[in-house]
J.: 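Have a look at this one.
Protein chains get the first letters and strands the later ones, always in sequence-line order, with residue 1 at the start of each. Because the structure is a prediction, the values reported are computed rather than measured.
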There are 2 protein chains.
Amino acid sequence: MPNGYNGTGTELLARKLDGCVRLNEAERAAILDLPYTVRNLPARHDIVRFGDQPSQCCLVLQGWVSRYAALSEGERQILSFYIAGDIPDLQSLHLERMDHHIATLTASTIAFVAHDELHRLFRRCPSLIGAMWRETLIDAAHYRERITSLGRRQALGRVAHLFCELYLRQRSMGLTSGLSCPMAPKQAELADALGLTSVHLNRVLRTLRMRGLVTLGGGVLTIEDWDELAAVAEFDPTFLHQTGLPVPTHETAVPL
Amino acid sequence: MPNGYNGTGTELLARKLDGCVRLNEAERAAILDLPYTVRNLPARHDIVRFGDQPSQCCLVLQGWVSRYAALSEGERQILSFYIAGDIPDLQSLHLERMDHHIATLTASTIAFVAHDELHRLFRRCPSLIGAMWRETLIDAAHYRERITSLGRRQALGRVAHLFCELYLRQRSMGLTSGLSCPMAPKQAELADALGLTSVHLNRVLRTLRMRGLVTLGGGVLTIEDWDELAAVAEFDPTFLHQTGLPVPTHETAVPL
DNA sequence: CGCGGCATTGACTGGTTTCAATTATCGTGG
DNA sequence: CCACGATAATTGAAACCAGTCAATGCCGCG
């Protein structure tokens, strides 16, 4: 299973943005020039907290990161998961105050880029604003799909849908291997993202396993039957706004 | 109850953007110069549909608009409500293909601005990009809060939370009157937004009424006890990213 | 007056939570 | 190599919140 990323942070960023908006040489160079700092953070470490007024954005180089809201009584709702190439708090560029938390799920490598540097980049290459803006819009598209899941699907469909999403997102970053991919979140964390209890999620996983749709264990998700899984999830990949890549089949899902 | 908006579309847009980013005269003039067309649309009319590739954005001048996802079997999930001053599909500026629908809830007046014109505006006044980008980020913040509601609050809290949100959003546009505000969505539509059935929503409304928190009827929501309502909702207005306005009390909630 | 849309209520069902207990799994140190 | 503790996964039984189905009431309107 591919894991980790060996290039520099700006290379990863350039690769990510290149995925949707074709970069020219000047843009690519400007991105590669961005100054940034890298930190290795342990698991379950808050990167940004509710109420903070960040002066930098973070880019996930390696590991899993979650965005979550904390409610009273220690409950939490995980709003989204982020993997290598994602920029969880781009929004802090224009929203002063954090209304939620961002934390590592696993030990992770995070690159930090100052807002000032990004604004400078935007002045040099105004066309990159659109690319970044687009990233935040895709984030919002993921939120919308989660709302639909929580509002109108029951547990089985919710879990199936999240698995489809996380598999395809990792696939587009070359992190999958056949129909398997890393799945770092524990059952309790998946439950917190899906609006379920870990007890019930566990039962749903058993159902999915017994029906021959997916197996989850040891931090690895394996999709046994994509078509059935997608059917249970009523999954339509449109909301991912990924360019090109076809939906996986046994032929297409082999390592890239 | 204030209802409707009498100025021009661009005036409303300028007023909206002025709320967060102070506009200078050039910016204001550029906005007021934007060419746009106005359409009066009947209730329950799709403005943009799943799969469309819009070449214009729409601005709500008057009425209620909803964003929704359609599932199989005629089910739908309403993702968000929009009122005067909101720009529901700003996202289409950078996401080619619609992954959901936008439709009027009530008879509405909608202004349409071509993407090209917005891009021209951005070239003239690059500082306005941030203001618009920010609008989409606030939209995303609303989504996040909805996810939290659907995932971790039960019906009573969900309903209370939505009422708090819609009241404050309308208040910031001067559409409230004391602790009352328009509430155009029918019970079935509120239920579709909250992941409930209309039957259960109806029971929740009765509970809220009997507890003396809110009354809903005739398209008007009246908040009887803000503090208690906010407590039931665990409402924290941070996510609205509104500037200035204090949370209402019996003193502050009088007509502006 | 009768019709259609919307709100309301009752009885019953069922998906999910809650509480509690048991069983893997894994890293660590003796 | 095994004992140990901590974390995570799994299972059972009972309670409950919300959904489903079905019927009634309300009200404006042609």
J.: Going by heavy atoms in the side chains, are A:Leu216 and A:Arg209 under 4.5 Å from each other?
T.: no

J.: Side chain of B:Gln154 only, please: which of D:dC17, C:dC6, C:dG10 is the nearest?
T.: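 Selected nucleotide: D:dC17.
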
J.: To the nearest Å, how far apart are A:Leu150 CG and C:dG15 C1'?
T.: 15 Å

J.: Start at the 5' end of DNA chain D and walk down; is the nucleotide closest to A:Arg152 or to A:Leu216 reached first?
T.: A:Leu216

J.: Can you confirm whether the side chains of B:His161 and B:Glu234 place a donor and an acceptor under 3.5 Å from each other?
T.: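 Judged by distance alone, the side chains do not pair up.
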
J.: Assuming nearest nucleotide by heavy-atom distance, tell me which of B:Arg44 and B:Gly151 is located more 5' along DNA chain C.
T.: B:Arg44

J.: Examine the side chains of A:Thr148 and B:Gln77 and answer whether a donor and an acceptor come within less than 3.5 Å of each other.
T.: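 Judged by distance alone, the side chains do not pair up.
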
J.: Is the closest side-chain donor-acceptor distance between B:Tyr68 and B:Asp46 under 3.5 Å?
T.: yes

J.: When you get a sec, tell me which of D:dT10, D:dT20, C:dT16 is the closest nucleotide to the side chain of A:Ala155?
T.: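 When the side chain of A:Ala155 is considered, C:dT16 is the closest of D:dT10, D:dT20, C:dT16.
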
J.: Among D:dG12, D:dG19, C:dG10, find the nucleotide with the atom closest to the side chain of B:Thr197.
T.: D:dG19

J.: Find the bend of the helix from C:dC1-D:dG30 to C:dG30-D:dC1 as the angle between its two terminal axes (five pairs each), to the nearest 10°.
T.: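 Roughly 30° between the end axes, to the nearest 10°.
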
J.: Return the value, rounded to whole Å, for the distance between atom CD of B:Glu73 and atom P of D:dG19.
T.: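 Checked: the CD to P distance equals 16 Å.
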
J.: Could you check how far CE of A:Met210 sits from P of D:dT11, rounded to whole Å?
T.: 9 Å

J.: Counting side-chain heavy atoms from C-beta on, which of D:dT10, C:dT16, D:dA18 comes nearest to A:Asn202?
T.: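 Closest of the options to the side chain of A:Asn202: D:dT10.
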
J.: If you only use heavy atoms from C-beta on, which nucleotide in C:dG10, D:dA18, C:dT18 is closest to the side chain of B:Leu196?
T.: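 Given the options C:dG10, D:dA18, C:dT18, the side chain of B:Leu196 is closest to D:dA18.
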
J.: Testing A:Leu208, A:Val232, A:Ile223 for side-chain contact (heavy atoms from CB on, under 4.5 Å) with A:Phe163, which one passes?
T.: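 Only match with A:Phe163 under side-chain contact (heavy atoms from CB on, under 4.5 Å): A:Leu208.
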
J.: Checking B:Arg67 against B:His100: is there a side-chain donor and acceptor pair closer than 3.5 Å?
T.: yes

J.: Is it true that B:Asp225 and B:Arg211 have a side-chain N and a carboxylate O under 4.0 angstrom from each other?
T.: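 Salt bridge: no.
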
J.: Let's test your reading of the model: under 3.5 Å, does the base of D:dG12 pair with the side chain of A:Arg203 as donor and acceptor?
T.: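 Yes, the side chain and the base share a sub-3.5 Å donor-acceptor pair.
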
J.: Just call it for A:Arg153: base, sugar-phosphate, or nothing, with non-hydrogen atoms closer than 4.0 Å on any strand.
T.: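 It contacts nothing in the nucleic acid.
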
J.: With sugar-phosphate meaning primed atoms plus P, OP1 and OP2, does B:Gly219 contact a base, only sugar-phosphate, or nothing at under 4.0 Å between heavy atoms?
T.: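 Contact class for B:Gly219: none.
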
J.: Quick one: B:Arg206 CZ to D:dA18 P, roughly how many Å, whole number?
T.: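 Spelled out: CZ on B:Arg206 to P on D:dA18 is 14 Å.
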
J.: Given atom CD of A:Gln187 and atom P of C:dT16, what is their separation to the nearest angstrom?
T.: 16 Å

J.: What integer distance in Å separates B:Leu205:CG from C:dA7:P?
T.: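 Distance, rounded to whole Å: 9 Å.
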
J.: Can you tell me the distance, in whole Å, between the CG atom of A:Leu201 and the C1' atom of C:dT17?
T.: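 Interatomic distance, CG of A:Leu201 to C1' of C:dT17: 13 Å.
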
J.: How long is the line joining NE2 of A:His200 and P of C:dT18, in whole Å?
T.: 12 Å

J.: Would you call B:Arg153-B:Glu145 a salt bridge at under 4.0 Å N-O?
T.: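 Here B:Arg153 pairs with B:Glu145 in a salt bridge, since their nearest N and O are under 4.0 Å apart.
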
